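These notes concern the structure reproduced below.
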Number of protein chains: 2
Amino acid sequence: MTDTFVSNPSFFKLDATLKKLRNYWQKEFDAKQKDITVDQWLLIENLYKHKKTTHNELARNTSKDITTISRIIELLVKKGLVKREADSLDRRKVYLQLTPEGVDKYKDVKPMVHEMRKVGWKTLSEKDYNELTRILDTIYANVP
Amino acid sequence: MTDTFVSNPSFFKLDATLKKLRNYWQKEFDAKQKDITVDQWLLIENLYKHKKTTHNELARNTSKDITTISRIIELLVKKGLVKREADSLDRRKVYLQLTPEGVDKYKDVKPMVHEMRKVGWKTLSEKDYNELTRILDTIYANVP
DNA sequence: TAGCAACAGTTGTTATAGCAACTATTTTGC
DNA sequence: GCAAAATAGTTGCTATAACAACTGTTGCTA
């Protein structure tokens, strides 16, 4: 591993790519008046897959801070897309799940997300995808 | 390009990796009481390299919104690390440059940044780095 | 079983991200 | 020349990120 390449700004490149993707997604959401943010979408997607989870599980699944989850969920509840349900045995726990409107939102937005995911990859191969996954997983594992 | 791999969450992985890196850097900065954030560091690094730039140039160089630049610079000015200087010809323009304290901060923090950059890459090769760069650049170019 | 640690979640605060609207200049087009 | 457009930067607002401190609940253990 040479010095020059270590000094190269991969942090910057990750950041720039992620911002480009996030802005693209958000502009498409706004253009089609989906009335959600990218991160709100990520929680909706996760709640659709897991049906019934706690704040903690959602935080782990999405790589988000639990305080951030708490605040995004608050917004989704206000929008009527998510409902909270207290655990009858452990009164500290609150289960989260999509409302019927939340499920509708998922089904409404899902196709355009699928198309947008294709856009970033249109000139890349499955091998590229596996390489990216491998490298990012390795960096993730290397960092304390 | 198969459907399954398109639906895989590369967005999520980028986000998670970047957060891991950012949190690691921030914790190291805090532990050694450098009294800066990761993004403040990125601006300092950029100002050290370019000596004298405008808000606009800095925004382009760092892939940050110009309003974000404006606010981070405000914090750096308050800390005495950056100074603003009006252009004598075009009174709309403000040049930014590091103060002597800003240069000291750069030289103080630079070595640990260099070490931290190594940490993420310790089990990866230069070929991996080139692959990551190529793939991220391609995604960046693919996204409108 | 009393006390305390651990756990689940919320709230306060500061920072970054981005859009819209704004001021103040400079440039352009006629 | 002068009005309109473009440019440089700031401010207001909402959202996400993360830490610290907080409430309330449950589990552990001396």
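Keep in mind it's a predicted model, so treat the numbers as computed, not measured. Computed from heavy atoms alone, side chains included, the values below leave out hydrogens, waters and symmetry copies. Chain A is the first sequence line, chain B the second, and so forth, proteins listed ahead of strands; every chain is numbered from 1.
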Value for CD1 (A/Ile36) from CD1 (A/Ile72), rounded to nearest 0.5 Å, stands at 11.5 Å

Counted 5' to 3', the first and last nucleotides of DNA chain D within 4.0 Å (strictly under) of a heavy-atom of chain B are D/dA6 to D/dC19

Assert: residue with more 5' nearest nucleotide on DNA chain C, out of A/Arg84 and B/Asp90, is A/Arg84

Given protein heavy atoms under 4.0 Å, the one-letter contact record of nucleotides 11-18 of chain C, with B base, S sugar-phosphate only and - none, is simply BBB-SSBB

Atom pairs under 3.5 Å, N or O on each side, protein against nucleotides 2-7 of chain C: can you list them with distances?
| unit_1 | atom_1 | unit_2 | atom_2 | d |
| --- | --- | --- | --- | --- |
| C/dC7 | O2 | A/Arg92 | NH1 | 3.0 |

In short, salt bridge (Lys or Arg N to Asp or Glu O under 4.0 Å) pairs touching residues 61-71 of chain B with sequence neighbours left out are B/Asp39-B/Lys64

By the Watson-Crick or G-U definition, both distances under 3.5 Å, C/dA6 is matched with D/dT25

Sequence neighbours excluded, the answer for side-chain contact (heavy atoms from CB on, under 4.5 Å) partners of A/Asp90 is A/Asp87, A/Arg92, A/Lys93

Quick note, salt bridge (Lys or Arg N to Asp or Glu O under 4.0 Å) partners involving residues 23-34 of chain A, not counting sequence neighbours, are A/Lys34-A/Asp108

>> Checking the side chain of A/Thr54 only, and the main-chain atoms of A/Val94 only, is there a donor and an acceptor separated by less than 3.5 Å?
In response: no

Rounded to the nearest 0.5 Å, the OG1 atom of A/Thr17 sits from the NZ atom of A/Lys19 at a distance of 10.5 Å

To the nearest 0.5 Å, atom OG1 of B/Thr62 lies from atom CG of A/Asp15 at 9.0 Å

Nearest-nucleotide check on DNA chain D, A/Ser88 vs B/Glu57; residue mapping nearer the 5' end is B/Glu57

Residue pairs passing the ring pair (Phe, Tyr, Trp, His ring centres under 6.0 Å) test with at least one member in residues 66-90 of chain A, sequence neighbours excluded, are none

Residues passing the salt bridge (Lys or Arg N to Asp or Glu O under 4.0 Å) test with A/Arg84, sequence neighbours excluded, are A/Glu74

Report which part of the nucleic acid A/Leu89 touches: base, sugar-phosphate, or nothing (heavy-atom distance under 4.0 Å, all strands).
-> sugar-phosphate

Salt bridge (Lys or Arg N to Asp or Glu O under 4.0 Å) pairs touching residues 51-61 of chain B, sequence neighbours excluded, are none

The complete set of ring pair (Phe, Tyr, Trp, His ring centres under 6.0 Å) pairs with one or both residues in residues 73-108 of chain B, sequence neighbours excluded, reads B/Trp41-B/Tyr106, B/Tyr48-B/Tyr106

Residue pairs meeting side-chain hydrogen bond (donor to acceptor under 3.5 Å, both in side chains), one or both in residues 134-144 of chain B, sequence neighbours left out, come to A/Lys13-B/Asp137, A/Thr123-B/Asn142, A/Asp128-B/Arg134, B/Glu131-B/Arg134

Atom CZ of A/Arg91 and atom P of C/dT10 are separated, to the nearest Å, by 16 Å

Here the residues of residues 137-144 of chain B within 4.0 Å heavy-atom distance, strictly under, of DNA chain D are none

One should read off an interatomic distance between B/Lys127 NZ and A/Ile135 CD1, to the nearest 0.5 angstrom, of 8.5 Å

